Amino acid sequence: MQVGKPILYSYFRSSCSWRVRIALALKSIDYETVPINLIKDGGQQFSKEFQALNPMKQVPALKIDGITIGQSLAIIEYLEETRPTPRLLPQDPKKRVLVRMISDLIAGGIQPLQVQHWWHSLADWPAQ
Ligand SMILES: O=C(O)/C=C/C(=O)CC(=O)CC(=O)O
C-alpha cells in the first residue's frame, strides 16, 4: 500500500542514513527527505514530534506504505521484500549469507563505535 511519496528522516553525517539512501537510489525509489539535525537544538531527534515517529529517537526512519520503520537494515530488508527489483541481495543463499554477515558486522560491530551518541557517552566516562 503506497500512501504518497516515502519520507526519509535522516541526517547528512549519519552513516546509517547513508545505507538507506544508497538502497533507495539503487532501487530508484522516489522519496522526500526531512533532515533531522542530530546536533542542532540539542539534537532534533529528541523533539516530541520526532519521538512520536520513532520512539528510538534515531535516524534513519522511513515513512512508507502507511508505516514508519526505524533501523537501517530493517528498512533495507523491507524495501527488498516489497520492491524486489532490482535485487540488492544475491539469489544464491550462500552468497546472500555473506552479505548479511558483512552487514551485521558493520551495523552491530563497527558502526556503533563511530556514531555520535557513543562519543558523548565515552566523553563522560571517567578515566580508569
Ligand atoms: O539504523 C541503524 O542501523 C542504526 C541507527 C543508529 O544507531 C543511530 C545512529 O547511529 C545514527 C548515525 O548514523 O549517526
Side-chain angles (χ1 to χ4, degrees):
M1 175 189 57
Q2 178 78 28
V3 185
K5 235 188 223 187
I7 302 175
L8 178 65
Y9 299 84
S10 85
Y11 181 52
F12 75 103
R13 276 170 55 185
S14 152
S15 56
C16 302
S17 301
W18 297 346
R19 289 187 203 115
V20 175
R21 287 203 297 270
I22 291 167
L24 287 163
L26 288 172
K27 287 187 174 288
S28 302
I29 298 169
D30 192 21
Y31 66 98
E32 286 170 18
T33 301
V34 173
I36 301 295
N37 192 311
L38 301 183
I39 295 169
K40 205 171 151 193
D41 309 326
Q44 295 173 339
Q45 72 275 29
F46 300 117
S47 73
K48 281 207 166 52
E49 297 78 27
F50 187 69
Q51 271 186 64
L53 272 170
N54 185 7
M56 289 292 292
K57 304 174 226 164
Q58 291 181 334
V59 291
L62 184 70
K63 205 186 242 189
I64 188 167
D65 301 341
I67 58 172
T68 304
I69 318 166
Q71 296 299 308
S72 56
L73 296 186
I75 295 171
I76 293 168
E77 287 213 13
Y78 180 80
L79 295 176
E80 185 75 343
E81 285 174 9
T82 57
R83 290 142 178 92
T85 50
R87 296 180 66 99
L88 298 180
L89 289 170
Q91 205 129 22
D92 175 359
K94 289 181 181 162
K95 290 184 180 159
R96 204 157 61 229
V97 78
L98 276 179
V99 174
R100 291 198 164 120
M101 202 172 85
I102 294 166
S103 306
D104 284 353
L105 180 65
I106 293 168
I110 297 169
Q111 189 264 341
L113 298 175
Q114 57 146 89
V115 297
Q116 191 203 336
H117 58 259
W118 284 112
W119 306 340
H120 291 298
S121 307
L122 292 174
D124 294 340
W125 219 356
Q128 303 282 330

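Just follow the structure's listing: the first ligand is 1, and inside any ligand the first atom is 1. Just so we're clear, the structure is a prediction, and the values are computed from it rather than from any experiment. As a basis for the values below, the full set of heavy atoms in this structure was taken, side chains included, without hydrogen atoms, waters or symmetry mates. The residues of the chain are indexed from 1 along the displayed sequence.
By the neighbour-count criterion of 12 heavy atoms within 6.0 Å, atom NZ of Lys57 is sparsely surrounded, having that number or fewer from other residues, nucleotides or ligands.
Compare Gly108, Ala74, Ser72 by their heavy atoms: the one nearest to atom 2 (C) of ligand 1 is in Ser72. Among Val20, Ile75, Val59, Leu73, the residue whose heavy atom lies closest to atom 8 (C) of ligand 1 is Val59.
Distances shorter than 4.0 angstrom do not occur between any heavy atom of Arg13 and any atom of ligand 1. Residue Pro60 places a heavy atom under 4.0 Å from ligand 1.
Counting atoms of ligand 1 from 1 in the listed order, those under 4.0 Å from a heavy atom of Arg19 are 3 (O). Residue Ser15 approaches ligand 1 through these ligand atoms, each under 4.0 Å from one of its heavy atoms: 13 (O). In summary, the atoms of ligand 1 found under 4.0 Å from a heavy atom of Ser14, numbered by their order in the structure, are 11 (C), 12 (C), 13 (O), 14 (O).
Counting heavy atoms closer than 4.0 Å to ligand 1, residue Cys16 contributes atoms from both its backbone and its side chain. Contacts between Gln71 and ligand 1, counted as non-hydrogen atom pairs separated by less than 4.0 Å, involve both the backbone and the side chain.
Between the side chain of Lys27 and the backbone N or O of Pro86, at least one donor-acceptor pair lies under 3.5 Å. Judged purely by atom type and a 3.5 angstrom limit, Glu80 uses its side chain to pair as donor or acceptor with the backbone of Leu88.
Test Leu105, Ile106, Val99 against Ser103 for side chain to side chain contact (heavy atoms under 4.5 Å, CB included) and you get one pass: Val99. Checking Leu38, Val59, Ile39 one by one against Arg13, the side chain to side chain contact (heavy atoms under 4.5 Å, CB included) holds for a single residue, Ile39.
Taking OH of Tyr11 as the start and CD of Gln44 as the end, the distance is 9.0 Å to the nearest 0.5 Å. Separation of atoms NZ (Lys5) and CD1 (Ile29) is listed at 13.0 Å; rounding is to 0.5 Å.
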